[in-house]
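Read the structure below first, then the notes.
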Amino acid sequence: MKGWTTAAQGARAPVRRRFSWDRFSAVATLIPSLILLGVFVYGFIAWTGYVSLTNWNSFIPNFSFAGLQNYINVFGTFRFQSDLRNIVVFTALFILGCLIVGMGLALLVDQRIRAEGLFRSIFIFPMAISFVVTGVIWSWILNPQTGVNLILKAFGWKTVPAWFLSTTIVPNITLGQIQVGIPLALLAVLIAAVWQMSGFAMAVYLAELRGIPDDMKEAARIDGAGAWRMFWSIILPQLRSTTTTIVIILSAASLKVFGLIYAMTGPGQEFVTDMPSLNMFQTTFQGDQFAQGAAIAIVILLLLAVFIIPYLISTLRQGTPS
Amino acid sequence: MKFGNTLKTASALVVALSLTASPLAFAAQQKGDLQIFSWWTGVASSKALKGMIGVFNQHYPGIKVTNEAVAGGAGSNAKAVLASRMEAGNPPGTFQVHAGGGSLLSWVQAGDMQPLNSLYKSQGWYKVFPKSLLNLLTINGKIYAVPVDMQRGNVTWYNPGVFKKYHLALPTTFPAFFKDAAILKSHGVTPLALANHGNWEATLLFSDVLLGTVGPVKYDQLLTGKASWNMYGVKEAANIFNRMMSYTNTDYSALHWQQADQLVAQGKAAMNVMGDWAQGYFTTALHLKPGVGFGWAATPGTHGVFGAVSDVFGLPAKLKNPTPTLDFLKVLGSKQGQDVFNPLKGTFSPRLDANPKLYDAYSRAAMQSYKRDKLVLVIGQGAVNPGFTNSFNNAMEIFVTNHNVKQFVSAVASAAQSNPLS
């Protein structure tokens, strides 16, 4: 984030007439990474975009122009419509879950508790685990036949949740080919995802909480603010920009989610837990439908852009010296 | 220019010479490099491949072999790497592909493969491999690959103890299956264990149900694009499949195929339909004795038909020097090479003169059916257009839950239309 700001300031710095060694070395050190970025990120994005407009849907390359036919085909499938519903539901609930749990943990850890370092480590530790490991372990825990349901049954529960095997969608409104709503199976995946990533939200919040000046809190206290009022009027407003950062980073992680789903549930019955990334992978590398896979990739990119571009604009604006 | 021509003539001469050599008299003094591309990275399969390379190096010590196996994604990673290499005009010496109209057909249609008819002739392979297998490797009258192993896709694995306990015989027809299934269910035993975590296992089951419903001739026509998927038999098979689903465990989405077979081994379920790679799981992982701890038979309605899943290797067209590849293919198709390779991999040799004594009870029984039965392909094991398979799996994922036959059949028919099967 800081890097963006500096880059923006640098670009707007007054042009110097004389040759400057500093300036030259800055450009020279930037060039290799600019070339690499240009080729391996933007070049490949452009290539993927191009492929998505061709008829290359088998091993044999076929670059004849297909227009938007691949997009029409992809959007017309039950699977992709389900993917869009799932990714929206998943991203919204995943971010919300991580923010709430993360902030809750940060506030608790910030209470000058004993063994604070230990708790901090415990909460942040899941982040160090691969999504695949998380997926496998939670698929065992939430397996309706063998997992946590055995404990629930021991406590006398008659009907136990089907977790990620549920095909129920709430509230279940028919739209296009699919039912729109929250697939309950996704909630099971969300438990695993939030478990893994809320430690990250906690760490960022905690750093920001520590940065709130004590005299500000002191002043509020003198003015007679209670704990609740302090949280709403002093702490929460201070956390706004941090929250934006967390939302951006988590939304990128969420829109690209693959390993967790692949290891934990697969596409699921009626694609209740499928994601665009999984669909893209199977379409491209199992179905050899490269153009359609590229079309899905471009849609994922556009979804990401919805989150990233407003963020970039706002940081660039903040960085502009007035 | 002239030099180039001389080289070409020379290499053509070498090829011609090596082709006319007698079956096992390998010309030993050649030098060169050979890259062998596969997705054999598992314990058994990589051991088997090393065994095969060992045999090759005995005969051709001058050729340096590089094992270019790519791990992951049940071969899909390897296929992606292979596609980019072929695209760049830099093919490996030879590569693993499945028999049938899947990737093999795509490569041939792309003009990336050389026919091997003269190699077959020189090695006497027309007599050694059954004609019905060669049919699966033949495109427009030309043979494009050498088969190295054989596996079966239409097997019911069952728990003999469970069938004995309830005085049942293993069903060979669908009516018998449903009769047994009702009895097993009433005793609290899951009649048919199913796993579908990978989104291909239910497709395999359906493939076998379809084969048992329409018979091998029509089934073959469906898989090769000669018959319409809107035919009545497909609907009938979908209805039977639907009825079978009411006799399966409900958590199939969470299970891998090994877990379904574990249910059978534990007696919690009576049967499971899976390819014969399950046999290795029963004997090696669960330490069960073939015929005692677990039993097997063809799936209902498919007796006398063998669902063939076979790994084959071909000759890429854009190779600069095809000689090492041709030499390797000779060893790959030889009795000596296959007798080393297959027992290590847990498959059996597709040669008619393969030695049954090298194999266990299951493989010996499978070899017998293989030699006697009509061979057909299995949907989803690299046997048909990958785009069709992917769409088929997608249709299946919906069908197993909503049981809508009409919707399923029309999805499959349109998949066959947009992904031609021939």
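Letters A, B, ... mirror the listed sequences (proteins, then strands); counts begin at 1.
- Between the OG atom in B:S391 and the CZ atom in A:R79 there is a gap of 10.0 Å [rounded to 0.5 Å].
- Remark: B:T250 OG1 to A:Q145 CD distance equals 5.0 Å, nearest 0.5 Å.
- Atom OG1 of A:T265 and atom NE2 of B:H197 lie 6.0 Å apart (nearest 0.5 Å).
- Within the 4.5 angstrom heavy-atom criterion, no atom of A:T77 approaches chain B.
- Only the side chain of A:Q289 comes within less than 4.5 Å of a heavy atom in chain B; its backbone stays farther off.
- Proximity to chain A at a heavy-atom threshold of 4.5 Å picks out B:A83, B:E87 from residues 82-94 of chain B, in numerical order.
- When heavy atoms are compared at a cutoff of 4.5 Å, B:N199 approaches chain A solely by way of its side chain, counted from C-beta outward.
- The shortest heavy-atom contact between A:Q269 and B:E397 is CA-OE1, 3.9 Å.
- Atom CZ of A:F125 is surrounded by 12 or fewer heavy atoms from other residues, nucleotides or ligands within 6.0 Å.
- Counting heavy atoms of neighbouring residues, nucleotides and ligands inside a 6.0 Å radius, atom NZ of B:K318 exceeds 12 of them.
- Residue-environment remark: NZ (B:K142) stays at or below the threshold of 12 foreign heavy atoms within 6.0 Å.
- Applying the 6.0 Å contact sphere to NZ of B:K268 captures no more than 12 heavy atoms from other residues, nucleotides or ligands.
- With a 4.5 Å cut-off on non-hydrogen atoms, A:F78 touches chain B through its side chain but not through its backbone.
- Residue pairs satisfying the ring pair (Phe, Tyr, Trp, His ring centres under 6.0 Å) criterion with at least one member in residues 161-186 of chain A, sequence neighbours excluded, are absent.
- The CG atom of B:N394 sits 8.0 Å away from atom CG of A:D274, with the distance rounded to the nearest 0.5 Å.
- Using a 4.5 Å cut-off between heavy atoms, B:N419 contacts chain A through its side chain alone, with no backbone atom that close.
- Here the shortest heavy-atom pairing between A:N143 and B:A254 reads ND2-CB, 4.0 Å.
- Neither the backbone nor the side chain of B:S418 comes within contact range of chain A; no heavy atoms are under 4.5 Å apart.
- Heavy atoms closer than 4.5 Å to chain A are found nowhere in B:T389, neither backbone nor side chain.
- Ranked by heavy-atom pairs under 4.5 Å with chain B, the first of A:A162, A:P61, A:P144, A:S82 is A:P61.
- Other residues, nucleotides and ligands contribute over 12 non-hydrogen atoms within 6.0 Å of the CZ atom of A:F65.
- Rounding to the nearest 0.5 Å gives a distance of 6.5 Å between CG of B:N390 and CD of A:Q286.
- The part of A:A263 that comes within reach of chain B is its backbone (N, CA, C, O), which places non-hydrogen atoms under 4.5 angstrom from that chain.
- Within the model, atoms CG of A:D288 and CG of B:N385 stand 8.0 Å from one another, a figure rounded to the nearest 0.5 Å.
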